[in-house]
Amino acid sequence: MQDVWKIHCKKMESYGFDRLIYGISHFMTPNSMGPREDVMTLSSHDPEYMEHYYGLELYRSSPMLLWASENTGSCSWSWVHKNMDAMDEGNRKVLELNRQMGVTAGYTISFQEASRRKKSIIALTAKRGLSQEAVDAIWREHGDEIEALNNIAHLKIISLPLSTERSQLSKRQREVLEWVGDGKTNQDIATILGVTSATVEKHLRIARDKLGVDTSAQAVLKMSFLNQIFTPDE
């Protein structure tokens, strides 16, 4: 994941975008990106900026998220200035943070998804000193290439195991969930692994707790979303 991200950031910098944030959630609702613990984020911004933007969850009020929640493709940040009347107090707080930190010009790409519960977005921040007009000119010349490269990076990222803030499962917990995914009962799994049914249930309970779900079926589904089940052994 980090290799993909490093290559992508270097390529985007060659177009004038030196600070990127990529976010993906499989648990979107009509009014939210879902629990922060289930959002995976990659960033090349300064840690100070991310402390506020992500650490304080200001990303939930990002003005461009208003656009991205209902659209796919790319959008100039000039959209924000054209829609200031739609901005609430939270949106304006993010705009002030961005102004203070030099995050003032760029583009946002909202990726096409196959699931209505999934949303992936990347925000491309232009180098300090570049105006939005200059960025729009870059996009007119190279926008198709930039958007294609971001889609390639996105498709690669979502094919890899995704790490979120939730605790990682142990190899045994993952193995037990894989047998659940194969339709085995707790007793079946106990026989296969040579342990007791109580031990199997203990592993499943811990796995459910780590994943923040109520049932083992939900746990298997969430692990599938994160590409963390039936993965090659390390």
Side-chain angles (χ1 to χ4, degrees), residues 1 4-5 8 20-43 53-54 56-77 79-80 82-83 85-88 90-91 94 106-124 143-144 146-169 174 177-178 180-183 207-231:
M1 183 74 73
V4 173
W5 185 240
H8 187 60
L20 316 182
I21 300 179
Y22 172 89
I24 179 172
S25 173
H26 286 88
F27 306 97
M28 288 282 293
T29 68
N31 303 309
S32 170
M33 287 192 70
R36 169 179 162 168
E37 293 82 4
D38 293 320
V39 176
M40 192 203 77
T41 303
L42 298 169
S43 170
Y53 185 75
Y54 186 71
L56 299 179
E57 299 192 44
L58 294 183
Y59 66 88
R60 296 185 183 277
S61 297
S62 173
M64 288 304 297
L65 191 60
L66 293 174
W67 172 84
S69 63
E70 297 183 355
N71 295 276
T72 58
S74 60
C75 184
S76 166
W77 288 3
W79 181 91
V80 175
K82 296 174 183 176
N83 291 272
D85 291 345
M87 303 298 151
D88 61 20
N91 301 142
V94 175
Y107 261 74
T108 291
I109 298 175
S110 176
F111 298 102
Q112 181 70 51
E113 306 294 0
S115 167
R116 64 179 181 275
R117 297 292 304 277
K118 179 180 174 184
K119 174 57 69 175
S120 304
I121 304 167
I122 192 165
L124 311 174
D144 288 346
I146 297 170
E147 192 165 349
L149 288 167
N150 276 276
N151 273 281
I152 291 169
H154 165 62
L155 291 172
K156 183 58 182 177
I157 288 169
I158 62 174
S159 75
L160 297 168
L162 306 179
S163 296
T164 66
E165 290 187 7
R166 295 198 182 276
S167 299
Q168 296 292 304
L169 301 191
R174 190 180 71 182
L177 279 179
E178 288 174 346
V180 171
D182 274 339
R208 292 192 297 266
D209 289 344
K210 285 183 176 180
L211 292 168
V213 298
D214 297 321
T215 69
S216 296
Q218 284 179 300
V220 171
L221 182 62
K222 179 169 280 191
M223 288 290 283
S224 297
F225 284 154
L226 299 175
N227 299 326
Q228 292 183 13
I229 197 166
F230 298 115
T231 57

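Note that the coordinates shown come from a computational prediction; the quantities given were computed from them, not determined experimentally. Position 1 is the first residue of the sequence; numbering continues from there.
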How long is the span from the CG atom in Leu20 to the CD1 atom in Ile122, to the nearest 0.5 Å?
5.0 Å

Side chain to side chain contact (heavy atoms under 4.5 Å, CB included) with Leu155: which residues, sequence neighbours excluded?
Ile158

Per the salt bridge (charged side-chain N to carboxylate O under 4.0 Å, His left out) rule, what does the pair list look like for residues 217-229, sequence neighbours excluded?
Asp38-Lys222

With sequence neighbours left out, the residues meeting side chain to side chain contact (heavy atoms under 4.5 Å, CB included) with Thr164 are Met40, Arg166, Leu226

Within a strict 4.5 Å, meaning less than it, do heavy atoms of the Val80 and Met87 side chains meet?
yes

State which residues pass side-chain hydrogen bond (donor to acceptor under 3.5 Å, both in side chains) with His26; sequence neighbours excluded, sorted by chain then number.
none

By side-chain hydrogen bond (donor to acceptor under 3.5 Å, both in side chains) - contacts of Gln168 (at least two apart)
none

On a heavy-atom basis, which atom in Ser76 and which in Met64 lie closest, and how many Å separate them?
O-CE, 4.2 Å

List the atom of Leu177, the atom of Ala219, and the distance in Å for their closest heavy-atom pair.
CD2-CB, 3.8 Å

Could I get the full list of salt bridge (charged side-chain N to carboxylate O under 4.0 Å, His left out) partners for Arg60, not counting sequence neighbours?
Glu57

For the atom pair CG (Asn150) and OG (Ser74), what is the distance rounded to the nearest 0.5 Å?
9.5 Å

What are the two closest heavy atoms between Ser159 and Asn227, and how far apart are they?
C-ND2, 3.7 Å

Are the side chain of Gln228 and the backbone N or O of Leu162 linked by a donor-acceptor pair below 3.5 Å?
yes

Would you compute the distance between atom CG of Asp214 and atom CZ of Arg208 and round it to the nearest 0.5 angstrom?
9.0 Å

With a 3.5 Å cut-off and no angle check, do the side chains of Lys119 and Ser110 form a donor-acceptor pair?
yes

Note: Val4 and Ala153 closest approach over all heavy atoms is CG1-O, 4.4 Å

Which residues share a side chain to side chain contact (heavy atoms under 4.5 Å, CB included) with Val39, sequence neighbours left out:
Ser25, Thr41, Tyr59

One should read off an interatomic distance between Thr231 OG1 and Leu160 CG, to the nearest 0.5 angstrom, of 11.5 Å

Answer yes or no: is there a side-chain heavy-atom contact under 4.5 Å between Leu42 and Ile157?
yes

Do you know which two heavy atoms are closest between Trp79 and Leu66, and how far apart they sit?
CH2-CB, 4.0 Å

Could you give the distance from CD1 (Ile109) to CG (Leu149), rounded to the nearest 0.5 Å?
9.5 Å

Around Asp144, counting heavy atoms of other residues, nucleotides and ligands shown, do more than 12 lie under 6.0 Å from its CG?
no

Only counting residues at least two apart or in another chain, list the ones meeting salt bridge (charged side-chain N to carboxylate O under 4.0 Å, His left out) with Lys156.
none

Can you name the closest pair of heavy atoms from Trp77 and Tyr107 and give their distance?
NE1-C, 3.3 Å

Tell me, please, which residues at least two apart from Ser61 pass side-chain hydrogen bond (donor to acceptor under 3.5 Å, both in side chains).
none

Got a sec, which residues hit salt bridge (charged side-chain N to carboxylate O under 4.0 Å, His left out) with Glu178, two or more places apart in sequence or on another chain?
Arg174

With sequence neighbours left out, write down each residue that passes side chain to side chain contact (heavy atoms under 4.5 Å, CB included) with Ser120, or none if nothing qualifies.
Tyr22, Ile24, Phe111, Glu113, Lys118, His154

Can you list the residues that meet the side-chain hydrogen bond (donor to acceptor under 3.5 Å, both in side chains) rule with Tyr54, with sequence neighbours excluded?
Glu165

Using the side-chain contact (heavy atoms from CB on, under 4.5 Å) rule, take Trp67 and Ile121 through it: C-alpha gap first, then chi angles, then the decisive distance, then the call.
CA-CA 11 Å; Trp67 172 84; Ile121 304 167; over 6 Å; no

Between the OG atom in Ser43 and the OH atom in Tyr53, the distance rounded to the nearest 0.5 Å is 9.5 Å

If we check side chain to side chain contact (heavy atoms under 4.5 Å, CB included) with Ile229, which of these qualifies: Leu169, Leu221, Val220, Val180?
Val220

